[in-house]
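Note that the structure is a prediction, hence the values are computed from the model and not measured. Heavy-atom basis, side chains included; hydrogens, waters and symmetry copies ignored.
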Amino acid sequence: MQGTDFSTVIRNILRDIKVELSDEFDKNFERQSFFSEAWARRKSPLRPGGSILIDTGKLRRSIRSESTSDSIRFFTDLPYAAIHNEGGEIKVTQKMKAYFWHKYYEASGSFGRRKDGSPRKDKRTVQLSTEAEFWKFMALMKVGKSIKIPKRQFLGASPEVESAVREIIEENLKEYFNHINLSGK
């Protein structure tokens, strides 16, 4: 740290915070919680036992950060990220209903069939049947009806974030002041 001035210490603190929090926000998807606050479990039959908020991984990969000389901002620019992070209600639209019907026909057309045309009773067909029923239920909703999306926060402030930031600041300042004392400045 020879020749280290205080602006370098600030840059180091911001860099360390950026690395640490980027890693922690990513780990929220593995934990399926916002640090210690578990996400609400799924109520739909789709992907039973599967990861919450991870279908394609696009949301997880969308988390970015920007730094200035004195701050860091974490964000995602996906339009659906905010409803998942904060929770809320969405209104069913005609376009959504068309999508739900598409998913229903996609699921019901994949049934394994016996020679007589009736659906097989194997595990995959039973799962597809449950999935098809879910999409049909969604498609039959009236335009304007509200769907409640539970809060599944993955980004933002928390006691764990504050603690990590405090530790990083204290560690960097301790190192800076130890360097000053050792060099006799």
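- Y99 OH: 12 or fewer foreign heavy atoms inside a 6.0 Å radius.
- Closest of all the heavy-atom pairs between I72 and K18 is CD1-N, 3.6 Å.
- Heavy atoms of other residues, nucleotides or ligands lying less than 6.0 angstrom from CD of E171 number 12 at most.
- In this structure, R61 contributes its side chain and T56 its backbone to a donor-acceptor pair below 3.5 Å.
- We find that K174 and E167 are not joined by a salt bridge, their nearest charged nitrogen and carboxylate oxygen being 4.0 Å or further apart.
- Between I147 and M96 the shortest heavy-atom distance is CD1-CE, 4.2 Å.
- Within a 6.0 Å radius of OH in Y80, more than 12 heavy atoms belonging to other residues, nucleotides or ligands are found.
- Contact annotation: the side chain of V143 approaches that of K97 to within less than 4.5 Å [non-hydrogen atoms, C-beta and beyond].
- Contact check for V161 versus S158: side-chain heavy atoms found under the 4.5 Å cut-off.
- How far CD1 of I149 is from CD1 of I90: 4.0 Å, rounded to the nearest 0.5 Å.
- Here the CZ atom belonging to R31 is positioned 9.0 Å from the OG atom belonging to S36, to the nearest 0.5 angstrom.
- The CD atom of E24 sits 9.0 Å away from atom CD of E160, with the distance rounded to the nearest 0.5 Å.
- Atom CZ of R15 sits about 10.5 Å away from atom OG1 of T8, to the nearest 0.5 Å.
- No chain of hydrophobic side-chain contacts below 4.5 Å, direct or via other Ile, Leu, Val, Met, Phe, Trp or Tyr residues, connects F75 to V165.
- Side-chain atoms of V92 and K142, non-hydrogen and from C-beta on, never get closer than 4.5 Å to each other.
- Under a cut-off of 6.0 angstrom, the local environment of NZ in K136 is sparse, with at most 12 non-hydrogen atoms contributed by other residues, nucleotides or ligands.
- Not a single donor-acceptor pair under 3.5 Å links the side chain of R60 to the backbone N or O of N28.
- Taking hydrophobic clusters as Ile, Leu, Val, Met, Phe, Trp and Tyr residues chained together by side-chain heavy-atom distances below 4.5 Å, L173 does not share a cluster with V19.
- The closest side-chain donor-acceptor pair between R152 and Q32, if any, does not fall under 3.5 angstrom.
- With hydrogens and angles left out, the side-chain atoms of S163 and R166 include no donor and acceptor closer than 3.5 Å.
- Using a 4.5 Å heavy-atom cutoff, the side chains of E175 and N12 are not in contact.
- In this structure, A40 and P150 approach most closely via the heavy-atom pair CB-CB, 3.8 Å.
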- Test W101 against L140 for side chain to side chain contact (heavy atoms under 4.5 Å, CB included), laying out the working first. CA-CA 9 Å; W101 280 118; L140 291 172; 3.6 Å; yes

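- Closest of all the heavy-atom pairs between I10 and S69 is CG2-O, 3.7 Å.
- Heavy atoms only, all atoms of each residue included: I13 and N172 are closest at CG1-CB, 3.4 Å.
- Between the side chain of D26 and the main chain of S22, no donor-acceptor pair closer than 3.5 Å is present.
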- Check the pair I63 / F154 against side chain to side chain contact (heavy atoms under 4.5 Å, CB included), numbers first and verdict last. CA-CA 10 Å; I63 298 172; F154 53 89; 3.8 Å; yes

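- For the salt bridge (charged side-chain N to carboxylate O under 4.0 Å, His left out) condition, no pair includes a residue of residues 74-93, sequence neighbours left out.
- In plain terms, the two heavy atoms of L21 and A164 that are nearest each other are CD2-CB, 4.4 Å.
- In this structure, M138 CE and M141 CE are separated by 4.5 Å, a value rounded to the nearest 0.5 Å.
- Put simply, the side chain of Y105 does not reach to within 4.5 Å of the side chain of F100, judged on heavy atoms.
- Using a 4.5 Å heavy-atom threshold, the side chains of S146 and K148 count as separate.
- Side chains of D5 and Y176 form no contact here, defined as non-hydrogen atoms less than 4.5 Å apart.
- If you take CZ on R64 and CG on L155, they are separated by 12.0 Å, rounding to the nearest 0.5 Å.
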